[in-house]
Protein chains: 2
Amino acid sequence: MKPVSTDHVTAFRHFNRYFTRRIGALDDHYLGQDRPLGEARLLFEIGDGVSLRELRSRLGLDAGYLSRMARALEAQGMVRVGVPPHDSRLRIVELTPAGRLEVQEQNRRADALVSGLLDGLTPGQRAELTGALATARRLLRLAGIAVEVVDGASADARACLDAYAADIDTRFPEGFDKSDLVGPEEVTGEAGAFLVAYEEGRPVGCGALRRLETGTGEIRHVWVHPDARRLGLARRLLDGLERAARERALDVVRLDTHRTLTEAQAMYRACGYTEIPAYVDHVYAHHWFEKRLGPLPEPGPE
Amino acid sequence: MKPVSTDHVTAFRHFNRYFTRRIGALDDHYLGQDRPLGEARLLFEIGDGVSLRELRSRLGLDAGYLSRMARALEAQGMVRVGVPPHDSRLRIVELTPAGRLEVQEQNRRADALVSGLLDGLTPGQRAELTGALATARRLLRLAGIAVEVVDGASADARACLDAYAADIDTRFPEGFDKSDLVGPEEVTGEAGAFLVAYEEGRPVGCGALRRLETGTGEIRHVWVHPDARRLGLARRLLDGLERAARERALDVVRLDTHRTLTEAQAMYRACGYTEIPAYVDHVYAHHWFEKRLGPLPEPGPE
DNA sequence: ATGTCTATTTGACTTTAGTCAAAGAATCTC
DNA sequence: GAGATTCTTTGACTAAAGTCAAATAGACAT
C-alpha cells in the first residue's frame with residue numbers, strides 16, 4: 001500500500017471536525033429533546049423486533065445498562081419486550097404504536113432540520129452536495145472493508161458461496177447447480193486461496209483462486225453482496241486474488257464468465273483481462289479471459 | 001426559496017448517520033482515551049492562551065463547569081491559568097509543555113487513525129474522497145451562512161466596511177480612501193439597503209444598495225471575508241441586493257469596479273451583468289456594469 | 001445428566017456532565 | 001463615587017452514562 005499523504009489526512013480531519021461540530025452536535029440536540037440520548041438512540045435503532053443481543057453488539061453497550069434501558073422504555077409504553085420461541089434466553093424488543101409515533105416524530109424533526117439547512121442552497125447546489133456526500137460515503141465504505149484470506153471450509157466462506165450460488169441461480173436462465181462450486185481443498189494453502197471481504201465484521205464478498213493443471217491460476221466465484229455493490233469492491237477482490245496468484249508463482253490467471261454477467265465482463269476488461277478462446281469446457285461459461293501478471297505489483301497513480 | 005426535495009434530505013441524513021456512527025464515534029474514542037471527553041476537548045481547544053470567556057462561548061459551556069475543568073487541568077499540570085494585565089476579571093489558560101505534549105499525542109493518534117482508514121484506498125480514490133469532502137464542506141458552509149438586512153450604521157455594518165476598506169487598500173495600487181464609503185443614510189429604508197452575511201454569528205461579508213439620481217439602483221461594497229471566499233457567497237449577496245432593488249421598484253442596477261478586481265468582473269458577467277459606458281465619474285472605477293432585473297425572481301433549475 | 005456456555009437481570013457502584021444560584025472581584029457608565 | 005455589569009469561583013445539587021460482579025435461566029455438547 002502506498003503511504004497516505006498528510007494532505008489527505010489533514011483534509012479529512014478538517015472535514016471531520018467541521019462536520020461533527022456543525023451537524024453532529026445539532027443531531028444530538030433534536031434527538032434528546034424529550035428523553036435521554038441513550039434512550040432516544042435505542043428507540044431509533046429498534047426497527048421491527050430486534051434482540052437485545054443484536055442491539056448490544058450494534059451499539060456496543062453494556063448488557064446491564066441495555067437491559068435497564070429496555071425495561072425503562074417498556075415501562076413508558078414505548079416498546080414491548082418479548083421472548084422469541086426458538087431461544088428463550090433472548091429478548092426481542094419491538095416498538096409499540098406509541099413508540100413508533102415517537103420515532104416518526106424524531107424523523108420529522110430531523111428532516112425539518114436538514115431541510116432548513118439545505119434551504120439556503122440553490123437546487124443545483126443541493127444536487128452537488130448530495131453527489132459529493134454520496135461519493136464520500138461510497139469511498140468511506142470501501143475504505144472500511146477489509147479483504148482477508150480465510151480457510152475455504154470456514155463458515156464465512158461457505159456462507160458467501162451459498163449466497164453467491166443463490167444469487168446467480170436467479171440470474172442464469174438455466175439456474176445454477178451448487179456442485180459446481182470449488183471444494184475447500186482446492187482453495188487452501190499452496191493449491192489456492194479463498195478471500196472474504198468484511199464490512200464491519202460481516203462478510204460482504206468473496207473470491208477464489210485455484211491452480212489449474214496447466215500451471216496457471218484460475219479465478220472463480222468473485223461475488224459481492226447486493227448491499228455492497230458499486231463501491232469498487234470487486235476490483236479489490238480481484239487485486240487480492242492476483243496477489244495470491246503471484247505469491248504462488250502463477251504468472252497467468254484465467255477465468256470464465258456467463259453471458260448474462262455483462263458488468264463482470266466489462267470489469268475484467270477494465271482490469272487488464274483480455275478475452276481468449278475456451279481453455280476449458282464448462283457448463284456456465286460463455287466467455288474466457290486471461291491476464292498475464294507483471295512481476296511488480298506497483299500500480300502507477302490512478 | 002425552492003422547497004427542498006425529500007431525496008436530498010434523506011440522502012443527507014443517510015450520510016450523516018453513517019458518518020457519525022463510523023467516524024464520529026471513533027473520534028470520541030481516541031480523544032477520550034486517558035481522560036474525560038470534556039477535558040480532552042477543552043485541552044484541544046486551548047491553543048496558545050485563550051480566555052475562559054472565549055472558551056465558554058466557543059464551546060457553549062456553563063461558567064461554573066468550565067471553571068472547575070480548567071482548575072482540574074491546572075492541578076494535573078496540563079495548563080497554566082493566568083490573569084491578563086488589561087482586565088483582571090478574565091482568566092487566560094495556556095498549555096504547559098506537558099499539556100502541549102498531550103495535545104500532540106492526541107493529534108498523532110487521530111492522524112494514525114485516519115491514515116489507517118485511508119490506507120485501504122488507492123491514491124486515486126484518496127484524492128477523489130478528499131475532493132468530495134472539500135465540495136461537501138464548501139456547500140455546507142455556504143448553507144450555514146445567513147444574509148441579513150441590517151442598519152447601515154450598525155456595528156457589524158461598519159466593521160465589514162472597515163475590513164473591506166483595509167482589504168482593497170492593499171489591492172489598489174493607489175490605495176483606498178475611506179471617505180468613498182457609503183454613508184449610513186444612503187443605505188437605509190427606501191433609500192437603499194445594507195446586507196451582512198453571518199457565519200455562525202460572525203459577519204463574513206457585506207454589500208450595499210443605494211438609489212441613484214436617475215432612479216436606478218447602484219450596488220457597492222460587495223465584499224467577502226478572506227476565510228469565506230470561494231464558497232459562492234458573493235453571488236448570494238448579489239442576489240440579495242437585486243431582491244432589495246426590486247422591492248424598491250428599481251428595475252435596473254448598475255455598479256463599477258476597479259481594473260484590478262478581475263474575479264469580480266468575471267462574476268458580474270456570469271451573473272447577467274453587461275459592461276456599459278461610464279455612467280458616473282468615480283476615482284476607483286474602470287469598468288461599469290448594468291443589469292436589467294426581470295419581474296419574476298424565479299430562477300430556472302441550475 | 002452434567003458441565004459449559006450464552007443472554008439477561010439485578011444490585012451496588014462510579015464517573016461524567018451538567019445546572020443553578022449566590023458571592024466576590026474587577027470594570028464600566030454615568 | 002455609586003450602581004450596574006461582567007467574569008469567575010464556589011457550593012450544592014441532579015441526571016445521565018456507564019461499569020463490574022454475582023445471580024439466574026435456558027441452550028448445547030458429550
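Chain identifiers are assigned alphabetically (A, B, ...) following the order of the sequence lines, protein sequences preceding nucleic acid strands; residue numbering begins at 1 within each chain.
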* A:Arg138 versus A:Leu231: any side-chain heavy-atom pair under 4.5 Å? -> yes

* Once you round it to whole Å, what is the distance between C1' of D:dT6 and CD of B:Glu54? -> 16 Å

* Separation of B:Leu52 atom CG from D:dT10 atom P, in whole Å? -> 12 Å

* Between B:Lys178 and B:Asp162, is any pair of side-chain heavy atoms under 4.5 Å apart? -> yes

* A:Arg229, CZ atom: more than 12 neighbouring heavy atoms under 6.0 Å -> yes

* Asked: Rounded to whole angstroms, how far apart are CE on A:Met69 and P on D:dG18?
  -> 8 Å

* Can you tell me if CG on A:Asp227 sees more than 12 non-hydrogen neighbours from other groups inside 6.0 Å? -> yes

* What is the distance from CG of A:Leu42 to C1' of D:dG18, rounded to the nearest Å? -> 14 Å

Protein and nucleotides 24-30 of chain D: nitrogen or oxygen contacts under 3.5 angstrom:
unit_1 : atom_1 : unit_2  : atom_2 : d
D:dG26 : O3'    : A:Ser88 : OG     : 2.7
D:dG26 : N2     : A:Arg89 : NH1    : 2.9
D:dA27 : OP1    : A:Ser88 : N      : 3.2
D:dA27 : OP1    : A:Ser88 : OG     : 3.0

* Measure up the B:Phe19 and A:Phe12 rings against each other and bin them: parallel (under 30°), tilted (30 to 60°), perpendicular (over 60°). => tilted

* Structure fact -> Per nearest nucleotide of DNA chain D, the residue lying toward the 5' end, A:Gly60 or B:Val81, is B:Val81

* Structure fact -> chain B vs DNA chain C, heavy-atom contacts under 4.0 Å, first-to-last nucleotide span, 5' to 3', is C:dT16 to C:dT27

* Asked: What integer distance in Å separates B:Leu66:CG from D:dC7:C1'?
  -> 11 Å

* Rounding to a whole Å, what distance do you find between A:Asp62:CG and D:dA22:P? -> 15 Å

* Under 4.0 Å between any heavy atoms, over every strand shown, what does A:Gly64 touch: base, sugar-phosphate, or nothing? Just pick one. => base

* Between the side chains of A:Asp156 and A:Ser154, is a donor N or O closer than 3.5 angstrom to an acceptor N or O? -> no

* Parallel, tilted or perpendicular, as decided by the 30° and 60° cut-offs, for the rings of B:Phe15 and A:Phe15 -> perpendicular

* salt_bridge(A:Arg108, A:Glu105) N-O dist < 4.0 Å -> yes

* Check ion pair B:Asp62-B:Arg68 (N to O, under 4.0 angstrom) -> no

* Nearest-Å distance for atom pair CZ/C1', residues B:Arg71 and D:dC7 -> 12 Å

* To do: Name the nucleic acid region contacted by B:Arg56, choosing base, sugar-phosphate or nothing; use a 4.0 angstrom heavy-atom cut-off, strictly under.
  => sugar-phosphate

* To do: Respond yes when some side-chain nitrogen or oxygen of A:Arg35 is under 4.0 Å from OP1 or OP2 of D:dA16, and no when none is.
  => no

* Whole Å only: how far is the OH atom of A:Tyr65 from the C1' atom of D:dA21? -> 19 Å

